[in-house]
*Asks:* 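Let me give you the structure first, and then I'll get to my questions.
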Amino acid sequence: MKRHGILNSHISKVLSDLGHTDLIVIADAGLPIPSEVPRIDLALTLGVPSFKDVVFAVSEDMVVEQVILASEIKEKNEEALTFMNETFSETEQKFVSHEAFKQLTKQAKVVIRTGEVTPYANCILQAGVIF
């Protein structure tokens, strides 16, 4: 058994397989997931696990060089935006429309679905490198 890091074997494998600029999505319970993109469904009940819990765990185990968010988060979910700004304070952030965000999910290696039920609690994390 692992001593540290992500215990979920599916997420751990995806993170280990990422290359520079690969994308992963961490999604709320309602984000449409393209059928061609693998899904890791963590949702148990409404709100569990939370977007914050999953983003935090993944960010501790992944080199992130860019975060992509839907611009609607600025008005519709200031709490999630504040969390993202604090968690990725030294990481480039990019904002796109929610429609453009949904199109970008088609390029992801995986979508990790949380139980989050607040609006626009979604992010795309672009992999960086450790050197």
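Residue numbers count from 1 along this sequence. Treat the numbers as computed from the prediction; the structure is a model and nothing was measured.
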*Asks:* Which atom pair, heavy atoms only, marks the closest approach of G19 to A127?
*Replies:*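 Closest heavy-atom pair between G19 and A127: O-CB, 3.4 Å.
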*Asks:* For V111, which of I24, V37, I124, I40 qualifies under side-chain contact (heavy atoms from CB on, under 4.5 Å)?
*Replies:* V37
*Asks:* Output yes when a side-chain donor or acceptor of N77 lies under 3.5 Å from a complementary backbone atom of P119, and no otherwise.
*Replies:*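 Looks like yes, one N/O pair under 3.5 Å.
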*Asks:* Could you check whether any side-chain N or O of T87 sits under 3.5 Å from a backbone N or O of M84, counting only pairs where one atom can act as donor and the other as acceptor?
*Replies:*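 Not at all, since once roles are kept as given, no pair shorter than 3.5 Å links the two residues.
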*Asks:* With a 6.0 Å cut-off (strictly less than), is the heavy-atom count around CD of E79, excluding the residue itself, greater than 12?
*Replies:*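 Not buried by this count: 12 neighbours or fewer within 6.0 Å.
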*Asks:* Show which residues join L46 in its hydrophobic cluster (side-chain heavy-atom contacts under 4.5 Å, direct or indirect), or state none.
*Replies:* V117
*Asks:* Nearest 0.5 Å please: distance from the NZ atom of K52 over to the OG1 atom of T114.
*Replies:* 12.5 Å
*Asks:* For the backbone of I6 and the side chain of K2, can you confirm whether one donor and one acceptor N or O come within less than 3.5 Å of each other?
*Replies:*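 Flag set: sc K2 to bb I6 pair under 3.5 Å.
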*Asks:* Tell me the closest heavy-atom pair linking D61 and G5, and the distance in Å.
*Replies:*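 Heavy atoms only, the tightest pair is OD2-CA, 4.1 Å.
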*Asks:* Please name the residue in the list L23, D17, L18 that meets the side-chain contact (heavy atoms from CB on, under 4.5 Å) test with K109.
*Replies:*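 Among L23, D17, L18, the one meeting side-chain contact (heavy atoms from CB on, under 4.5 Å) with K109 is L18.
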*Asks:* Do you know which two heavy atoms are closest between H98 and L31, and how far apart they sit?
*Replies:* CE1-CD1, 3.8 Å
*Asks:* In this structure, are over 12 heavy atoms from other groups packed under 6.0 Å from E36 atom CD?
*Replies:*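 For E36, atom CD is crowded (more than 12 foreign heavy atoms under 6.0 Å).
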*Asks:* Looking at every non-hydrogen atom in both residues, tell me the closest pair between A70 and F95 and how far apart they are.
*Replies:*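 Shortest heavy-atom contact: O-CD2, 4.1 Å.
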*Asks:* Which distance, rounded to the nearest 0.5 Å, do you find between the CG of N122 and the CD1 of I112?
*Replies:* 12.5 Å
*Asks:* Using the test side chain to side chain contact (heavy atoms under 4.5 Å, CB included), find all partners of E60 that sit at least two apart in sequence or belong to another chain.
*Replies:*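 Per chain and number, E60 pairs via side chain to side chain contact (heavy atoms under 4.5 Å, CB included) with F56.
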